[in-house]
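First up is the structure itself, then whatever we jot down about it.
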Amino acid sequence: MSTQSETGGDAVPSVHRNFIQAVIDADVAAGRDGGRVVTRFPPEPNGYLHIGHAKAICLNFTIAEEFGGRCNLRFDDTNPVREDAEYVESMKEDIRWLGFDWGAGEHYASDYFEQLFDFALELIEKGLAYVDDLDAAEMRAYRGTVTEPGRGSPHRERTPAENIALFQSMRAGEFPDGSRTLRAKIDMASPNMNLRDPVLYRILRVHHLRTGDAWCIYPMYDWAHGQSDAIEGVTHSLCSLEFENHRLLYDWFLDNLSTTYRPRQYEFARLNLTYTLTSKRKLIRLVEEDLVEGWDDPRMPTLSGLRRRGYTPAALREFCAGIGVAKFNSTVDMVKLENSLRDDLNRHAQRRLAVLRPLRVVIANYPEGETEQIEAVNNPEDEDAGTRKLPFSRTLYIDRNDFREEAPRKFFRLAPGREVRLRYAYCITCDEVVKDPESGEITELRCSYDPQTARGQTPDGRKVKGIIHWVSAAHAFDAEVRLYDHLFATPDPSGVEEGEDFTSNLNPDSLERLQHCKLEPSLADAEIGEHFQFERQGYFCVDTTDSAQGRPVFNRSVSLRDAWARIEKKGTQR
RNA sequence: UACCCCGUGGUGUAAUUGGCAACACAUCUGGUUUUGGUCCAGACAUUUCAGGUUCAAGUCCUGGCGGGGUAACCA
């Protein structure tokens with residue numbers, strides 16, 4: 001198992017102990033389970049893993065590692081109508097990618113179907129479970145409501161012998177789907193709805209991804225989960241807050257069964273993130289209604305989407321370590337996620353020059369036909385990254401954002417009569433703005449350079465505050481670059497007006513495709529999945545799906561922090 | 001309306017048996033800088049409210065207020 005940063009082993013240990021670590025500290029100190037710590041991550045294979053799962057994965061695996069224990073990967077495959085082997089594979093891939101290793105601990109709840117069946121027999125023999133003939137609607141009526149007690153089913157008092165025979169017949173396929181259930185006999189008046197004789201088994205003739213057609217009865221979550229934990233020797237079973245009310249039931253089963261181990265369930269708050277959703281149902285809608293391009297669309301909060309967007313395992317793990325674990329239902333600011341990516345990539349991504357919205361610049365006093373090679377640093381945060389050469393010539397491209405015909409206050413980039421430095425190269429002054437006579441659009445800038453200002457020098461000591469990036473026109477490499485923004489325009493996408501749903505909060509500008517961006521020539525060899533910082537703009541990676549050999553497509557993973565954008569925004573708000 | 005859980009800067013988490021409210025991110029102000037990036041320094045809270053216990057309460061007790069969860073043969 002590895003929780004070290006994949007890109008450098010520099011993950012910062014969290015300073016604070018969360019409440020779960022505190023519980024385990026105490027358990028270990030008290031010698032419970034002989035000081036053994038076993039956790040598990042128990043996804044249902046019915047969808048793709050997302051950033052919320054990453055929190056649970058990191059929690060379970062890092063706790064196991066911290067206490068010298070292990071963490072199992074257990075697929076909770078108890079409902080074959082929604083589950084598929086495709087999801088099993090994608091989940092394993094995502095967890096491995098995050099950097100965690102479950103070793104021999106790959107399990108399936110379905111591995112325990114036979115033993116679960118025996119446990120059910122044990123419960124029946126003890127008079128604690130019975131076969132019920134009520135259908136779903138009747139059962140709901142008998143259950144009562146949250147404020148009114150329920151009533152016992154007319155079949156509640158069958159004898160153990162009768163129940164055993166009936167349950168065996170259920171398994172043998174003698175009854176139609178949905179006609180009977182096995183229920184625990186607990187308390188139909190309990191204020192905790194989970195204790196009002198919960199269903200243990202339902203009849204379902206559906207092909208199961210692992211057991212095929214061997215079973216026509218399938219266990220419910222509550223019945224399978226705690227016993228699976230016990231079978232695996234799990235000591236601390238961590239789940240999300242909505243299972244708090246299930247803990248009584250979890251304990252009731254274990255207390256009434258002859259299991260060897262006695263796991264304990266602890267609940268923590270699941271992750272909420274601004275400008276995004278982690279509801280499985282809603283994510284499915286986005287995919288099925290083609291509101292995104294699939295589960296791995298770079299705007300999706302799925303791990304496959306984040307991976308394609310350019311998120312690194314180290315950034316995700318650092319994020320998960322930084323948000324903490326508690327019982328308070330909170331919402332983490334998306335900038336926190338973005339910042340953990342910036343942190344990682346700042347240290348590890350090589351810098352490149354890329355012009356996304358090209359504006360032609362001709363340096364009138366630079367010799368025609370001449371090219372010089374200018375040295376550029378690959379990563380100022382990492383000396384070992386070395387340097388590279390950039391071709392410089394008379395005709396360049398700069399970004400349209402870096403030129404204004406009328407420069408606002410505090411704008412210290414290029415404008416008529418103004419001087420800026422071309423990064424790593426010379427200072428240039430804008431002498432003339434060339435426009436299309438018909439459209440009025442700026443087509444070219446005529447500039448002059450100062451030969452004395454190579455490599456950051458200004459012999460006369462004058463200050464040139466503005467520094468902009470550039471690419472030599474003749475050497476530039478054309479590519480498509482995709483700029484991604486939040487999938488949703490509002491911090492809480494599920495908050496909507498009457499009659500609308502979350503899709504009305506989608507951000508219409510979440511994707512901007514730029515064709516014919518002008519990139520420095522070295523980028524032509526960029527490999528799929530490789531990360532770069534395009535200087536002054538952001539972190540980009542080579543798209544894994546739409547890139548071809550020698551024709552990379554770049555995704556913006558996250559922009560750089562932009563002080564000028566903030567100044568400008570403040571100005572327009574006044 | 002019943003039961004369960006939770007309320008600490010803008011956000012997310014800390015705070016030993018009750019003992020100077022800490023850390024990170026964000027924001028703002030400065031500094032460094034051939035990325036308006038990074039980095040460095042500083043600023044930013046009467047711990048939801050009201051009582052009570054105590055020399056001392058974020059922490060313990062009572063009550064209020066606010067938020068979340070729970071009535072699938074889903075997980």
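All chains are named by letter (A, B, ...) in the order of the sequence lines, taking the proteins before the strands, and each is independently numbered beginning at 1.
- Checking A:Gln350, A:Lys389, A:Arg352 one by one against A:Ser522, the side chain to side chain donor-acceptor pair (under 3.5 Å) holds for a single residue, A:Arg352.
- The pair A:Arg421-A:Asp450 does not meet the salt-bridge criterion, since no charged nitrogen lies less than 4.0 angstrom from a carboxylate oxygen.
- Ranking B:rC73, B:rG12, B:rG37 by closeness to the A:Val199 side chain, first place goes to B:rC73.
- What separates CD of A:Glu267 from P of B:rU70 is a distance of 14 Å, to the nearest Å.
- Closest contact between the side chain of A:Ile567 and the listed nucleotides B:rC73, B:rU35, B:rG36 involves B:rG36.
- A:Thr145 comes within 4.0 angstrom of a base, heavy atoms only.
- By the 5.5 angstrom centroid cut-off and the 30-degree plane limit, A:Tyr221 is classified as not stacked against the base of B:rA75.
- Remark: side-chain polar atoms of A:Asp399 are paired, donor with acceptor, to backbone N or O of A:Leu356 under 3.5 angstrom.
- Here the side chain of A:Arg423 is nearest to one of B:rU38, B:rU35, B:rC5, namely B:rU35.
- Figure legend: A:Arg556 and A:Tyr539 shown without cation-pi pairing, the cationic atom not lying both under 6.0 angstrom from the six-membered ring centre and within 45 degrees of its axis.
- When each of A:Leu134 and A:Tyr539 is assigned the nucleotide of RNA chain B with its nearest heavy atom, A:Tyr539 is the one assigned upstream, toward the 5' end.
- Under the 90° criterion around 0 for the glycosidic angle, B:rA72 counts as syn.
- The residue from A:Phe532, A:Phe534, A:Phe554 that alone fulfils the ring-ring contact (aromatic ring centres under 6.0 Å, His included) condition with A:Phe540 is A:Phe534.
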Handout entry: Pairing annotation in dot-bracket form, given for RNA chain B with Watson-Crick or G-U pairs under 3.5 Å and | for cross-strand partners
Key = .((((((..((((.....[..)))).(((((.......)))))....(((((..]....))))))))))).....
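- With B:rU35, B:rC74, B:rA2 as the candidates, the nucleotide lying closest to the side chain of A:Pro191 is B:rA2.
- With distances taken from any side-chain atom of A:Glu44 to the nucleotides B:rU70, B:rC74, B:rU33, the minimum falls on B:rC74.
- The nucleotide whose nearest atom lies closest to any side-chain atom of A:Met220 is, among B:rA71, B:rU35, B:rA72, B:rA72.
- Minimum atom distance to the side chain of A:Ile467 is reached by B:rG36, of the listed B:rG37, B:rU13, B:rG36.
- Among the protein residues, A:His246 comes within range of the nucleic acid bases, having at least one heavy atom under 4.0 Å from a base atom.
- Counting non-hydrogen atoms under 4.0 angstrom, A:Gly144 reaches the backbone sugars and phosphates but no base.
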